[in-house]
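Both ligands and their constituent atoms are indexed starting at 1 by order of listing. Below, each value reflects all heavy atoms present in this structure, side chains not excepted, and no hydrogens, waters or symmetry copies.
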Amino acid sequence: MSVSLSVRGLRAGYGALRVLDGIDLEVAAGGLIAVVGPNGAGKTTLLRALSGLIQWVGDVRLDGARLPATPAAIVARGVGHVPEGRELFPGMSVREHLELGAWSLPGRLRAARLEEVIGVFPRLAERRRQLAGSLSGGEQQMLAIARALMSRPRLLMLDEPSLGLAPRMVDELLAVVRRLHQDGVTILLVEQHVAQALAMADEAYVMERGRVVSRGPGPALLASDAVRAAYLGTGGRPDASTV
Ligand code: ATP
């Protein structure tokens, strides 16, 4: 059910601006991989490239086969992307967003999938008819994740899902991510809550200025002096720190 991702020498940018300068990254099938790093490191650009939203060069493979070039073909291969900032339509309801997430499925399958996905998010189940613009920040983020799940992704890429949320909602959201991982979805998580992200990651990557500067099992990186000093503040409370 899950899928592996292998990235070698990925370069991408915007016009003449090169942002990613040769990224190597491995995501094992069924793994939970975290990517952390300071603002502007290129984390969002990495996910955009892997979703086909910007051009890139390099060798990227899903289960050993080359990544297709277009966003629709990438979704069809089982890759879901929850973009930074959620990208919801304020005037559309919860149900309409979910239906949009499975536009390629015939109506009957779409309705069944909607029930399956909404079962993961009790908060959304109670709010099917509510407009996205009137949901709380945490509910909006759950809707963005639920919409991506409608296409049954085998690899889910999440870009800072906890951005701007209160600590309790951050915990609730990251619990959803862990549950999807336990259900067998391969996860590539970009997160600004470094301590929590590393603690739950099988493998983690630290990016700076378009390059990977360290990698290792999440908990090992969390314990490393370099990562603690750079991202958590020496002697600080790891669970309260962000990049
Ligand atoms: P953050 O944690 O702040 O979201 P990030 O690690 O996700 O940062 P990116 O958003 O990928 O970083 O940005 C990397 C670099 O690319 C930055 O210097 C940014 O200014 C630049 N950049 C991002 N989007 C564009 C764009 N559409 N056009 C031009 N430059 C861009």
Output, in order, the C-alpha distance, side-chain angles, deciding distance and verdict of side chain to side chain contact (heavy atoms under 4.5 Å, CB included) for I118 and E115.
-> CA-CA 5 Å; I118 218 156; E115 292 311 315; 4.1 Å; yes

For the pair R147 and E96, find out whether any cationic side-chain nitrogen is under 4.0 Å from an anionic carboxylate oxygen.
-> no

Is ligand 1 less than 4.0 angstrom away from at least one heavy atom of P38?
-> yes

Pair R61 + D63, salt bridge at N-O below 4.0 Å = no

Tell me which protein heavy atom sits closest to atom 4 (O) of ligand 1, plus the residue, atom name and distance to 0.1 Å.
-> E84 OE2, 3.3 Å

Ignoring angles and geometry beyond distance, decide whether G40 reaches within less than 3.5 Å of ligand 1 through its nitrogen or oxygen atoms.
-> yes

Pick, from L20, V19, V190, N39, the option with the minimum heavy-atom distance to atom 3 (O) of ligand 1.
-> N39

Salt bridge (Lys or Arg N to Asp or Glu O under 4.0 Å) partners of residues 196-210, not counting sequence neighbours, each pair once | E203-R215

State plainly whether the residues R123 and E172 are in salt-bridge range, i.e. N to O under 4.0 Å.
-> yes

Spell out, yes or no, whether I54 and L188 are grouped together once hydrophobic residues are joined by side-chain heavy atoms under 4.5 Å, including indirect joins.
-> yes

Would you call E99 and R110 a salt bridge, using N to O less than 4.0 angstrom?
-> no

Counting from 1, what ligand 1 atoms have a heavy atom of R48 closer than 4.0 Å?
-> 24 (N)

Please check atom 11 (O) of ligand 1 for a protein heavy-atom neighbour under 4.0 Å.
-> yes

Relative to the heavy atoms of T45, which atoms of ligand 1 are at a distance of less than 4.0 Å?
-> 9 (P), 11 (O), 13 (O), 14 (C)

Any heavy atom of Q192 sitting closer than 4.0 Å to ligand 1?
-> no

If you have a sec, work out which protein heavy atom is nearest atom 2 (O) of ligand 1 and how many Å separate them, to one decimal?
-> K43 NZ, 2.8 Å

Of all the atoms in ligand 1, which lie at a distance below 4.0 Å from a heavy atom belonging to E160?
-> 2 (O), 4 (O)

Nearest neighbour in protein (non-hydrogen) for atom 31 (C) of ligand 1 = Y14 CD1, 3.3 Å

Please check if a non-hydrogen protein atom sits closer than 4.0 Å to atom 19 (C) of ligand 1.
-> no

Is the shortest N/O to N/O distance between A41 and ligand 1 below 3.5 Å?
-> yes

Do D159 and R48 meet the salt-bridge criterion of a basic N to acidic O distance under 4.0 Å?
-> no

